[in-house]
**Q** 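Below: one structure in structure tokens.
Just so we're clear, the structure is a prediction, and the values are computed from it rather than from any experiment. Read the numbers this way: they start at 1 and go in the same order the structure lists the ligands and their atoms.
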Amino acid sequence: MRVLLFKTLRVFSELNLQADFENHKIFTMSKKYYIKTFGCQMNFNDSERLRGILKTMGYEPTEDWKEADLIVLNTCTIREKPDQKVLSHLGEYRKIKEKNPEALIAVSGCLAQRMGWELVQKAPAVDIMFSSFNMHQLPELVNQAQAGYRAVAILEEPPEDEDRLWDFPTERDNPYCAYVTVIKGCDKNCTYCVVPFTRGRERSRPLESILAEVKTLVEDGVREVHLLGQNVTAWGKDLGLSEGFALLLRKVAEIDGVERIRFTTGHPLDLSDEIIEAMAEIPQVCDALHLPFQSGSDRILEMMDRGYTKDFYIGRIEKLREKIDTIALSTDVIVGFPGETEEDFKETLDLIARVRFEQIFSFKFSPRPGTPASEMENQVPDDVKTRRMSQLLALQKSIMGEIAREYEGSVQEVLVEEGRGDGTYIGRTTTNRWVSLQGNDKLLGRIVKVKVKRSSPFNMDGELLEVLR
Ligand code: SAH
Ligand code: SF4
Ligand code: F3S
């Protein structure tokens, strides 16, 4: 097998590997793909786009990797655990070649971007590698691999034509709620984080491209759009749009048929007053915000290079609650960042107790190769991280229990997303809580008024009062 390693776009384009989708369709007709996705919502949306590309190429999905002609592993490398999961899946998937020597294994996403050729050395069964920079090149890569080459296309920078990706449709499972990626990459430099390395610097997707996709989605029956980016609140800056993300929210809301808008992930520094005002004014923007704080200690926040203090974060929350009193907040927090003392950790607990988040995603600090925090002194031992984590979870559990009880007896608007087949239907409130209710298929995709009968931290039972729209 000849080995090709494309390190840069220049080499890649010199080889003149332009897509010819019609030809691919003929070439790969009736083959099956299996895709496994790790990581964040952006990676899930990337997989939806990859599924769209594979459909264009004539591939059909299968739920069983053993039946696939092409396995795609769309990877994450945010912490050590996802890395390990990917490697163990690769160990399993390579067995496919015993039964079907023509089968191809592709690795995409952030671990592929971070490790490049090193990953192929660890997992020689990998035939194809690319990342979020060049998903649109999948057809050429499959073509090369089918011709017997190893197609590793890990680029140092996103290629100039990366916006071609938006020309492909997405394949979604949820007919009513759709992810729409609006900005790629991240310009922050949090000292613990690999995302700027794996996803590159911020590149906002052009406004027209976003609006065109949202229009198509709505025509397709979508009622809720979820705008995505590692730092979605920075949208528009690189396009020279001074109104930025607030403008995007207004433009998306103007599209007929958009009933709900969510977005992830906001960054406290970029959550401007203009954005908060737009959130409050636009009726379709849901009463929920995911706003990671990472640590409650100013000292640790500085070491993380987050660019704000605990008071600044709390100030943003106060402003949000002043404008949108029903807003439900969720967050991310890191436990055991290098040098974190008991005092620092207490500040984190204090912030949690003061803000009272509806949901917290907490992570033990995981040193990532090449990041400044991985080389900092005073790394916190794992047993200390574990103990602090369980303290944090205990506090959060009690807060969630209290918040759950506050929902009981309240009336909520729910978008019904799915039937369970036994007369039970589930949907989410605008505050992003799952509610189950009894009904019929006519409720699917409808926004209904529900009275909450029983509520626990992760789900609620409700009674249907009225179909709204
Ligand atoms: N862009 C988002 C989050 C991206 S990653 C933001 O800035 O908030 C998702 C979450 O993973 C982060 O919020 C952080 O809490 C966690 N995370 C990132 N790197 C980590 C690391 N090295 N160790 C532990 N958790 C980490
Ligand atoms: Fe990572 Fe920080 Fe960017 Fe979030 S803002 S993706 S944590 S560098
Ligand atoms: Fe993981 Fe990459 Fe998302 S590292 S969290 S898949 S941006």
**Q** Start with the C-alpha distance between N74 and S47, add both sets of side-chain angles, then the distance that settles side chain to side chain donor-acceptor pair (under 3.5 Å), and finish with yes or no.
**A** CA-CA 7 Å; N74 194 12; S47 286; 3.0 Å; yes
**Q** Report yes or no: does a heavy atom of M42 sit under 4.0 Å from some atom of ligand 3?
**A** no
**Q** Using a strict 4.0 Å cut-off to heavy atoms of R79, name the atoms of ligand 1 that fall inside it.
**A** 11 (O), 16 (C), 17 (N), 23 (N), 24 (C), 25 (N), 26 (C)
**Q** What do the steps show when you test Q359 against F458 for side-chain contact (heavy atoms from CB on, under 4.5 Å), and what is the final call?
**A** CA-CA 9 Å; Q359 209 177 353; F458 294 106; 4.1 Å; yes
**Q** Measure the distances from the heavy atoms of K364 to every atom of ligand 1 and state whether one is below 4.0 angstrom.
**A** yes
**Q** When the ring planes of Y313 and F293 are compared, do they come out parallel, tilted or perpendicular, using 30° and 60° as the limits?
**A** tilted
**Q** Taking both backbone and side-chain atoms of Q294, is any N or O found less than 3.5 Å from an N or O belonging to ligand 1?
**A** yes
**Q** Which of the atoms of ligand 1 are close to F365, meaning less than 4.0 Å from one of its heavy atoms?
**A** 23 (N), 24 (C)
**Q** Would you mind telling me if ligand 1 is within reach of the side chain of Y192, the backbone, both or neither, using heavy atoms under 4.0 Å?
**A** both
**Q** Given that the side chain starts at C-beta and the backbone is N, CA, C, O, which of these parts of P292 lies under 4.0 Å from ligand 1, counting heavy atoms, or is it both or neither?
**A** side chain
**Q** Not counting sequence neighbours, which residues clear ring-ring contact (aromatic ring centres under 6.0 Å, His included) with F361? List them please.
**A** H290
**Q** Hey, is ligand 1 close enough to S366 that some N/O pair sits below 3.5 Å?
**A** yes
**Q** Report yes or no: does R150 contribute a side-chain atom to a donor-acceptor pair with the main-chain N or O of D127 at less than 3.5 Å?
**A** no
**Q** Quick test of your reading of the model: are R203 and D163 salt-bridged, counting only N-O distances below 4.0 Å?
**A** no
**Q** With nothing but distance in play, are any N or O atoms of N231 less than 3.5 Å from an N or O of ligand 1?
**A** no
**Q** Any side-chain donor-acceptor pair under 3.5 Å between T431 and T429?
**A** yes
**Q** Looking only at heavy atoms, is any part of R306 under 4.0 Å from ligand 1, and if so is it the side chain, the backbone, or both, or is it neither?
**A** side chain
**Q** Near atom 2 (Fe) of ligand 2, which protein N/O/S atoms are found at less than 2.8 Å?
**A** C190 SG
**Q** Do we get K36 above Y34's six-membered ring, with its NZ or CZ under 6.0 Å from the centre and within 45° of the axis?
**A** no
**Q** Does ligand 3 have a heavy atom under 4.0 Å from the side chain of Q230, from its backbone, from both, or from neither?
**A** side chain
**Q** Looking at R356 and E402, is there a salt bridge between them, counting it only when a charged N and a carboxylate O are closer than 4.0 Å?
**A** yes
**Q** Does any N or O atom in T265 lie less than 3.5 angstrom from one in ligand 1, N or O only?
**A** no
**Q** Tell me the protein heavy atom at minimum distance from atom 5 (S) of ligand 1, and give that distance in Å.
**A** I78 CD1, 3.5 Å
**Q** Any salt bridge linking R388 with E342? Criterion: basic side-chain nitrogen under 4.0 Å from a carboxylate oxygen.
**A** yes
**Q** Whether R387 and D382 form a salt bridge (side-chain N of Lys/Arg under 4.0 Å from carboxylate O of Asp/Glu) is what I want to check.
**A** no
**Q** State the count of protein N/O/S atoms located less than 2.8 Å away from atom 1 (Fe) of ligand 3.
**A** 1
**Q** Could you list the residues that satisfy side-chain hydrogen bond (donor to acceptor under 3.5 Å, both in side chains) with K237, not counting sequence neighbours?
**A** D270
**Q** Whether R250 and E243 form a salt bridge (side-chain N of Lys/Arg under 4.0 Å from carboxylate O of Asp/Glu) is what I want to check.
**A** no
**Q** Does ligand 1 have a heavy atom under 4.0 Å from the side chain of Q230, from its backbone, from both, or from neither?
**A** both
**Q** Cation-pi between R79 and F363: NZ/CZ under 6.0 Å from ring centre and within 45° of the ring axis?
**A** yes
**Q** Salt-bridged, R49 to E213, with N to O below 4.0 Å?
**A** yes
**Q** Pull out every atom of ligand 1 sitting under 4.0 Å from any heavy atom of D332, numbered as shown with elements.
**A** 9 (C), 10 (C), 12 (C), 13 (O), 15 (O)
**Q** Looking at R299 and D344, is there a salt bridge between them, counting it only when a charged N and a carboxylate O are closer than 4.0 Å?
**A** yes
**Q** Mark up the atoms of ligand 1 that fall under 4.0 Å of a heavy atom belonging to R368, in ascending order.
**A** 22 (N)
**Q** Can you tell me how far the CZ atom of R262 sits from the CG atom of L228, to the nearest 0.5 Å?
**A** 12.0 Å
